2 protein chains.
Amino acid sequence: MFRINQEFLKFIEDHFQHANDSVGIELVSFESNEILMEQDQIVRNVYLIKSGICKVYFEEENGKEYILEFLSTGEILGELEIIRDETCLCSVKSIIKVEAFKIPKNYFLKLLNGNLSLNKMIIHSFAERIINTSKKASHQKLYSIEYSLTKIMEMQKKNDFEISKSDLSAYLGISIRSLNRSLKSLKENPS
Amino acid sequence: MFRINQEFLKFIEDHFQHANDSVGIELVSFESNEILMEQDQIVRNVYLIKSGICKVYFEEENGKEYILEFLSTGEILGELEIIRDETCLCSVKSIIKVEAFKIPKNYFLKLLNGNLSLNKMIIHSFAERIINTSKKASHQKLYSIEYSLTKIMEMQKKNDFEISKSDLSAYLGISIRSLNRSLKSLKENPS
DNA sequence: TTTTCACTGGGACAAATGTCCTTGATTACA
DNA sequence: TGTAATCAAGGACATTTGTCCCAGTGAAAA
């Protein structure tokens with residue numbers, strides 16, 4: 001999250017500029033709150049974020065939403081489903097204005113089949129996701145909410161950007177009521 | 001977890017049989033409760049499990065343990081750290097007798113650099129881990145304990161193998177007291 | 001056989017979290 | 001300007017979960 005992966009971005013920007021039109025890479029943009037990918041739908045493109053921020057979330061059968069991560073510049077979405085040839089595992093929505101390179105499924109697969117350095121980039125981005133997701137899961141089960149909350153608040157400040165309370169609570173996997181309580185307790189007791 | 005990845009296993013078994021000795025792949029075995037990888041230590045080898053089951057867990061600073069997943073036949077460990085050139089992110093311990101191929105770091109890196117099909121296998125195994133870890137995190141935050149507990153109990157039965165209560169509670173991220181309560185409630189009300 | 005020890009399960013209480021609902025503030029609209 | 005509608009914050013209570021501890025069981029040692 002909020003890791004700027006220049007390497008990835010450079011790789012695709014080069015392809016965008018030099019590849020011929022038939023390749024089909026486009027630069028597209030989304031306003032705030034637009035859906036880039038919808039859970040259980042068929043994936044036709046990979047997106048690489050050029051600017052802006054998205055949330056990646058599960059819509060659970062009990063109606064609740066769980067935000068896995070936030071994606072920003074240089075991060076990719078849709079690749080996992082295309083690699084596994086599956087429908088979308090989760091939904092992705094812009095939370096501020098987003099610009100992204102849209103890469104058609106077939107071209108992405110073709111690149112993946114012949115290009116070792118793209119494979120390496122995917123491996124590294126997957127590795128980072130595994131670590132983030134694992135640590136988040138552990139922290140959210142074994143530490144107090146305040147612990148994870150402090151971390152994400154610091155990150156917000158550092159990146160000068162604000163996550164809504166409803167997104168914050170979905171990220172932490174708690175109710176807004178509990179989030180309010182924790183925010184209050186952090187304010188009163190800023191350890 | 002308990003996914004038998006024959007493809008991976010076949011790949012390494014071929015290398016084990018045909019590569020010359022200098023490659024350094026060895027078949028090693030561990031009794032129950034032996035440590036294969038220790039958090040924060042340097043990783044010198046990748047292991048590919050031939051038989052048996054391991055637990056992969058974080059040892060948190062507050063003394064608690066969180067089990068991320070259980071690994072069995074055809075699953076790999078240590079590769080993520082070697083790829084990222086980092087110390088162990090988590091610890092891995094056998095919970096029953098384990099046989100595994102031990103692959104030296106340098107040989108693994110060499111393969112990774114030239115072999116597209118190994119890259120593909122790593123990508124697929126990472127993808128699966130991302131999905132498992134993400135779903136587990138979401139379920140553990142948004143559903144009752146009984147939900148995850150039922151799932152893992154079914155899996156235990158299907159694979160004819162028993163996880164200790166202390167490992168079960170570390171996998172679910174709850175105390176043994178809560179686990180006992182949930183087990184009792186499942187027995188009284190087997191929905 | 002008796003005693004001690006270690007371990008497991010569960011009771012009792014405390015703390016954390018969720019649900020429901022009221023209140024107050026802000027916005028939209030007549 | 002006044003009224004209705006909407007939304008966020010927090011009170012009150014219920015439920016869940018954790019912590020602490022005790023009793024019962026079984027195993028090991030005297």
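Numbers restart at 1 for each chain; the letters A, B, ... are given by sequence-line order, proteins then strands. What you are looking at is a predicted structure, and each value in this text was computed from that prediction instead of being measured.
Distance A/Lys141 NZ to C/dT17 P: 10 Å, rounded to the nearest Å. Between the CG atom of A/Leu179 and the C1' atom of D/dG10 there is a distance of 13 Å, rounded to whole Å. Across the protein-nucleic acid pair, A/Tyr143 atom OH and D/dG18 atom C1' stand 17 Å apart, rounded to whole Å. If you take CG of A/Asn180 and C1' of C/dT19, they are 14 Å apart, rounded to a whole angstrom. Atom pair A/Leu172:CG and C/dG18:P shows a separation of 10 Å (rounding to whole Å applied). Spacing between atom CG of A/Leu186 and atom P of C/dA16 amounts to 13 Å, rounded to whole angstrom units. Atom CG of B/Leu149 and atom P of D/dT17 are 11 Å apart (whole Å). The distance from atom CD1 of A/Ile174 to atom P of D/dT16 is 18 Å, rounded to the nearest whole Å.
Note on A/Lys165: a side-chain N or O is less than 4.0 Å away from OP1 or OP2 of D/dA9. For B/Ser175 and D/dG18, the shortest distance from a side-chain N or O to OP1 or OP2 is below 4.0 Å.
B/Tyr143 and B/His139 have perpendicular rings, their planes meeting at more than 60° on a 0 to 90° scale where under 30° would count as parallel.
For B/Lys184, the listed nucleotide lying nearest its side chain is C/dG11; candidates were C/dG18, C/dG11, D/dG10.
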Pick out the pairs of N or O atoms, protein on one side and nucleotides 23-26 of chain C on the other, that lie under 3.5 Å.
none

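The ring of B/Tyr47 has its center closer than 6.0 angstrom to the ring center of B/Phe30.
For the residue pair A/Leu142 and B/Tyr66, the shortest heavy atom distance occurs at CD1-CB, 3.5 Å.
If you check distances only, the side chain of B/Arg181 never reaches the base of C/dG9 with a donor-acceptor pair under 3.5 Å. At a cut-off of 3.5 angstrom, the base of C/dG11 holds at least one donor-acceptor pair with the side chain of B/Arg177.
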**OP:** Kindly determine whether A/Phe126 and B/Leu80 satisfy side chain to side chain contact (heavy atoms under 4.5 Å, CB included), including the steps that lead there.
**Re:** CA-CA 10 Å; A/Phe126 276 7; B/Leu80 199 146; over 6 Å; no
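The list of salt bridge (Lys or Arg N to Asp or Glu O under 4.0 Å) pairs with a residue in residues 141-159 of chain A, not counting sequence neighbours, is empty.
B/Glu79 pairs with exactly one of B/Arg84, B/Arg129, B/Lys105 by the salt bridge (Lys or Arg N to Asp or Glu O under 4.0 Å) rule, that one being B/Arg129.
In terms of modelled atom types and a separation under 3.5 Å, the side chain of B/Ser182 and the main chain of B/Ser178 share a donor-acceptor contact.
Counting any heavy atom pair closer than 4.0 Å across all strands shown, B/Ile176 reaches no nucleic acid atom.
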